Amino acid sequence: MQYTGRKMAVCAYEKQGDEMLLDLASAEIIFKQALKDADCPVQYTSCGSVYLDGVQSSFLGNYIELYVNYDVPLPIGFFGNREVSIAQSVKTRKWTGYNGETDVSGNDRFVYVTPTGRVYHNSMDCAYLDLSIQSVSRRELTALRNASGERYRQCELCGKEEGAVYITDYGSCYHSSLSCSGLKRTVYLIRLSEVHGYGACSKCAGD
Ligand SMILES: [Zn+2]
Ligand SMILES: [Zn+2]
């Protein structure tokens with residue numbers, strides 16, 4: 001999805017001034033190819049593939065927003081539930097050029113932020129932006145530490161007392177719901193000058 005968003009962002013630039021040919025069909029073609037190239041195991045979803053959501057996805061204004069929703073069948077039933085519903089989204093700023101307003105010294109480059117994060121990132125590939133969600137039991141949890149060596153705290157948004165929990169390497173909380181917004185990673189591409197109240201990421205945006 002990130003690749004599709006970025007690719008579509010470049011199309012926006014190429015088509016600027018013309019009728020923009022940004023539409024769901026071309027995004028879907030890029031997306032399908034990207035899934036194939038990345039060898040995504042889409043066969044494990046309930047419908048055997050993943051499609052961009054035509055209702056939620058948007059190509060209006062300066063941003064491209066792509067959404068997918070899919071269900072993954074579980075090998076083991078969980079409270080009678082045999083499927084996990086997953087929603088993912090990507091928002092990319094269209095590559096509409098600099099229009100002379102950019103600081104030539106490169107101080108107004110594009111950076112990446114997340115709604116819940118407190119830092120901005122220079123690199124989309126920064127480990128702090130990468131969410132690899134693991135499911136662990138509560139018993140294992142006490143022995144586990146995140147990448148900063150901290151224990152996982154209970155998430156304030158989804159905290160429940162029982163069942164498996166979900167953690168990420170760089171997160172500080174454990175979650176009892178996979179659909180918790182604390183586990184969602186929405187990444188925005190914005191200009192450095194639009195960054196307010198964020199520090200630089202210690203991993204990828206240091207001096
Ligand atoms: Zn970073
Ligand atoms: Zn949570």
Side-chain angles (χ1 to χ4, degrees), residues 1-6 9 38 56 63 66-72 74 76 78-81 83-93 95 102-103 105-207:
M1 279 175 80
Q2 286 166 9
Y3 174 77
T4 308
R6 280 183 277 176
Q56 285 181 288
Y63 293 92
L66 302 174
Y67 292 83
V68 295
N69 298 287
Y70 53 93
D71 299 316
V72 179
L74 295 172
I76 302 160
F78 196 55
F79 302 128
N81 218 342
E83 285 193 338
V84 178
S85 295
I86 296 171
Q88 287 174 287
S89 64
V90 158
K91 186 172 180 177
T92 312
R93 194 182 199 283
W95 188 255
T102 307
D103 187 331
S105 61
N107 285 334
D108 202 16
R109 62 189 187 275
F110 285 98
V111 294
Y112 302 91
V113 295
T114 64
T116 53
R118 281 181 221 103
V119 297
Y120 66 84
H121 304 269
N122 273 343
S123 166
M124 186 74 183
D125 302 319
C126 177
Y128 289 141
L129 286 175
D130 180 39
L131 265 194
S132 40
I133 301 169
Q134 298 174 50
S135 168
V136 299
S137 72
R138 278 164 201 271
R139 211 171 308 143
E140 290 171 86
L141 198 58
T142 48
L144 293 170
R145 300 288 181 271
N146 69 14
S148 324
E150 298 160 344
R151 297 178 70 134
Y152 290 94
R153 292 179 282 111
Q154 180 171 300
C155 169
E156 287 165 10
L157 301 169
C158 68
K160 262 190 273 157
E161 298 306 320
E162 55 201 34
V165 294
Y166 304 95
I167 57 170
T168 62
D169 289 351
Y170 292 92
S172 51
C173 298
Y174 63 87
H175 304 265
S176 48
S177 166
L178 249 189
S179 55
C180 176
S181 61
L183 276 172
K184 239 173 48 182
R185 187 56 89 234
T186 304
V187 180
Y188 297 113
L189 179 64
I190 64 170
R191 284 177 192 279
L192 188 56
S193 61
E194 294 173 336
V195 170
H196 301 292
Y198 287 79
C201 168
S202 57
K203 210 173 179 74
C204 70
D207 34 284

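Worth knowing before you read on, the calculation uses all heavy atoms, side chains too, and leaves out hydrogens, waters and symmetry mates. Keep in mind the model is a prediction, meaning the values are calculated, not measured. All ligand and atom numbering here is 1-based and tracks the order in the structure.
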Problem - Polar side-chain atom of Tyr174 near backbone of Ala164 as donor-acceptor pair, under 3.5 Å - result: no
Fill in the blank from the handout: Looking at His121, the N/O/S atom that lies nearest to the Zn ion (ligand 1) is called ND1
Handout entry: Heavy-atom neighbours of Glu150 CD exceed 12 at 6.0 Å
Key = yes
Completion exercise
Taken to the nearest 0.5 Å, the spacing of Lys203 NZ from Cys126 SG works out to 7.0 Å
Handout entry: Residue pair Asn122 / Arg109, side-chain donor-acceptor N/O under 3.5 Å
Key = yes
Practice task
Give a yes or no on this: more than 12 heavy atoms of other residues, nucleotides or ligands lie within 6.0 Å of atom OH of Tyr3.
Solution key: no
Practice task
Examine the side chains of Asn69 and Gln88 and answer whether a donor and an acceptor come within less than 3.5 Å of each other.
Solution key: no
Completion exercise
Counting only protein N, O or S atoms (no waters) closer than 2.8 Å to the Zn ion (ligand 2) gives 4
